[in-house]
Student: 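Take this structure, written in structure tokens, and hold onto it; I'll ask about it next.
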Amino acid sequence: MPKPHPKSAQTPAHRKAARATPSAPAPRALAVAAFAYLALVFLTARRPGPHTWGIDTLGYFHGPVRIVLAAILVVAAVLILLATRAGSAGATSGTRSFRVPAAIAVLGCGAAAIALWSLRVRSLFLGDQMVWIQNLASGQFPLYAEPLAAVLWRGYVILLHAFRVPVTGTSLAILPLACGLAAAFLSWKISGLITVERRARVLAFVLVLTLGTAQLYAGYVESYPIFGVAVLSYVLAALRFTRRQGSATWVGVALALTIATHLAGLFLLPSYFVLIYRSPQRLGSRIALILVPIATAVGVGWLIGVDPADLLHPFQTLRTALRSPAAPGTTAGSSLLRPLGEFGNLIFLVMPVPALLLLARLLPRKAQSKPAPSDPSQRLVREFLAWATVGGTAAAALLSIPGSPAQDWDLLSILILPAALLAIHLGIGSEGTTPSRRLAWGLASLAIASLLTFLLVNASEKAGTSRFKTLVSPGSVMSAHERAYANEKLVKYYTARKEFDSVYVYAQRAQAAEPGNTRYWGNIGTALYNLHRYEQAAGYFEEAIRRGSDRPEVYYNLGLCYTRMGRFEEAVKNIETAIRVGTEDPKYLNSLGLAMLGAGDSAGAYRVWSYVLKQWPGFEPTQRAFQHYFGTNDPKTPPSAP
């Protein structure tokens with residue numbers, strides 16, 4: 001590691017780096033920013049709404065939990081205020097190179113695992129968890145935009161089957177937890193590369209751990225826990241290269257694996273190109289290094305069997321979202337201001353304390369001397385993080401325009417991860433920016449309390465559901481596609497709970513948002529059927545078919561409605577269509593037999609049920625029906641396919 005250069009011996013390059021080195025943000029400025037943040041938290045907590053989703057999570061708590069969280073926030077702000085008496089920087093606490101005893105590391109990992117498991121997600125409305133859990137439980141592993149992440153999830157499911165562990169939300173939550181432990185290790189290494197002093201490294205480590213991305217590792221069943229680890233791995237490899245501790249080849253490999261994990265990793269390409277351009281390599285070596293991630297990505301894609309057509313799926317989804325009509329009442333002015341407000345919410349949710357550190361640097365304060373850095377490579381560190389921030393911020397801003405950042409926070413939180421690291425580096429990472437002990441405690445407490453409000457909301461099914469319903473309420477601004485998709489999540493949630501009045505409400509909202517989607521018409525019909533409103537339900541199923549639906553369950557459910565209405569011949573016709581369009585299902589065949597009986601075709605019912613008992617001997621509904629209508633469970637007529 002380079003030794004500190006005496007001031008008198010500085011080279012022109014060192015003096016140039018010294019001029020580029022930012023001074024520490026003053027505690028007084030931090031105190032102003034912290035109390036402003038506190039005021040926003042308490043103000044928005046009085047009445048949480050869809051436009052303050054990044055800062056109002058405290059409002060979903062009541063009683064002791066709310067009091068304790070509020071108290072921690074106040075104490076943190078007071079500590080930051082009291083630190084103004086001691087100045088911006090504390091005493092030197094040693095260099096960043098120090099070892100953590102193995103016993104402490106093990107205990108820390110154990111404590112982190114217990115915390116993540118205790119605070120794991122109980123509300124499945126974050127992102128696409130419902131879809132992922134359903135696909136993993138049914139053995140479906142579509143690659144789409146996250147091929148390598150899907151392959152890793154498939155391997156994990158195979159492991160669960162090998163140990164005969166049921167594939168449930170609880171058993172699946174273990175993999176994100178393991179990703180969290182890996183992320184903590186990577187964060188510790190990264191904190192040592194973006195700071196100089198020992199105390200600053202510990203604080204940086206705490207601030208990285210308490211970013212909103214920590215929610216991804218609390219039992220969050222998605223591709224993003226794996227993607228988060230991949231991004232941190234790339235950042236670590238790149239930072240090591242800037243410190244001349246690693247090979248540029250490994251940086252390229254890490255980038256390729258990150259992109260293979262999720263195509264959104266393409267946002268890191270500018271930072272990689274700048275890193276290679278600034279490296280002291282020859283032109284031929286630089287060209288070879290640019291080809292490394294391309295060759296690695298192609299090799300990984302071939303190895304895991306990626307179909308190039310699958311890679312177009314996320315872009316098709318983005319196109320659908322972009323073409324989706326805007327919310328009613330959205331003006332041109334509001335359509336431009338909305339992404340800014342949504343991006344602000346994202347910052348407050350994911351990186352509130354790093355944002356305060358950055359904001360404090362922009363507030364007016366007395367001029368301070370700018371000490372020379374002991375390591376000129378800090379400039380390359382800042383340049384690398386800056387380009388990663390530009391790429392991530394641009395991608396997050398682009399995705400915020402057509403979508404709903406409140407629902408897509410998971411991907412967006414990873415995109416702004418480099419911005420958080422850059423803010424931490426600028427705020428406490430350079431020599432002379434080490435905060436005092438009191439200021440460090442205040443910043444750490446503020447970060448922990450902010451994260452806890454988010455984790456605890458999602459660890460509570462009641463609070464998480466309440467928050468999601470607020471986010472997708474009629475007063476929220478989102479595209480028609482996003483609104484329909486969000487309300488369908490509530491349809492699935494209340495269907496599982498058999499609360500069909502609520503299913504009907506949210507099915508109507510989904511259909512109103514996107515009437516061209518026949519699935520939503522079928523959802524309303526299903527809700528009405530379960531509410532015993534068969535004639536109305538039949539109307540919605542008929543409309544879904546008229547609009548082009550070819551889903552077998554629509555024909556089947558329409559047949560059930562006709563059976564309930566006494567229109568047995570029409571019921572037989574639609575259930576037979578459902579069987580022909582889909583696959584042979586004992587439930588469908590059993591209902592077909594009942595419709596045939598109603599239509600007076602007892603021989604047909606006998607034949608169908610005989611076939612069911614031959615193919616599925618243990619299917620109880622048909623056994624009971626055969627016993628009730630024919631007085632036996634042992635049909636004598638040789639079964640044949642209906």
Student: Should the heavy atoms of other residues, nucleotides or ligands under 6.0 Å from CZ of R533 be counted, would the total exceed 12?
Tutor: yes

Student: List for me each residue that meets side chain to side chain contact (heavy atoms under 4.5 Å, CB included) alongside V165, sequence neighbours excluded, and say none if there are none.
Tutor: L160, F163, S171

Student: Would you say the side-chain atoms of E584 and Y611 include a donor-acceptor pair closer than 3.5 Å?
Tutor: yes

Student: S476 side chain to S473 main-chain N or O, any donor-acceptor pair under 3.5 Å?
Tutor: yes

Student: So which pairs with a foot in residues 544-554 pass salt bridge (charged side-chain N to carboxylate O under 4.0 Å, His left out), sequence neighbours left out?
Tutor: E543-R546, E543-R547, R551-E553

Student: Side chains of residues 453-461: which donor-acceptor pairs under 3.5 Å do they make with residues two or more places apart or in other chains?
Tutor:
from, atom 1, to, atom 2, distance (Å)
T453, OG1, T57, OG1, 3.1
T453, OG1, S450, O, 2.7
N458, ND2, Q215, OE1, 2.8
N458, ND2, F454, O, 3.0
S460, OG, A463, N, 3.1
E461, OE2, Y493, OH, 2.7
E461, OE2, R497, NH1, 3.1

Student: What pairs of residues pass the salt bridge (charged side-chain N to carboxylate O under 4.0 Å, His left out) test when at least one of them lies in residues 555-570, not counting sequence neighbours?
Tutor: R567-E570

Student: Name all residues meeting the side-chain hydrogen bond (donor to acceptor under 3.5 Å, both in side chains) criterion together with K469; count only those two or more places apart in sequence or in a different chain, and write none if there are none.
Tutor: Y494

Student: If the condition is side chain to side chain contact (heavy atoms under 4.5 Å, CB included), which residues does A183 pass it with, not counting sequence neighbours?
Tutor: Y217, V229, L232

Student: I need the full list of ring pair (Phe, Tyr, Trp, His ring centres under 6.0 Å) pairs touching residues 545-585, with sequence neighbours left out, sorted by first then second residue.
Tutor: Y556-Y588

Student: Name all residues meeting the side chain to side chain contact (heavy atoms under 4.5 Å, CB included) criterion together with A595; count only those two or more places apart in sequence or in a different chain, and write none if there are none.
Tutor: T563, A571, V572, I575

Student: Indicate whether any N or O donor in one side chain lies under 3.5 Å from an N or O acceptor in the other, for Y485 and D128.
Tutor: yes

Student: For H532, check side-chain hydrogen bond (donor to acceptor under 3.5 Å, both in side chains) against everything at least two apart and list the hits.
Tutor: Y534

Student: Return the set of residues passing side chain to side chain contact (heavy atoms under 4.5 Å, CB included) with L177 (not counting sequence neighbours), or none when no residue passes.
Tutor: A113, L116, W117, L181

Student: Kindly check if the number of other-residue, nucleotide or ligand heavy atoms within 6.0 Å of OH (Y629) is above 12?
Tutor: no

Student: Relative to the ring of F626, is the ring of W609 parallel (under 30°), tilted (30 to 60°) or perpendicular (over 60°)?
Tutor: tilted

Student: Determine which pairs satisfy salt bridge (charged side-chain N to carboxylate O under 4.0 Å, His left out) with at least one residue from residues 139-153, sequence neighbours left out, and list them in order.
Tutor: none

Student: Test of understanding: with ring-ring contact (aromatic ring centres under 6.0 Å, His included), list the residues that count as partners of F541, not counting sequence neighbours.
Tutor: none

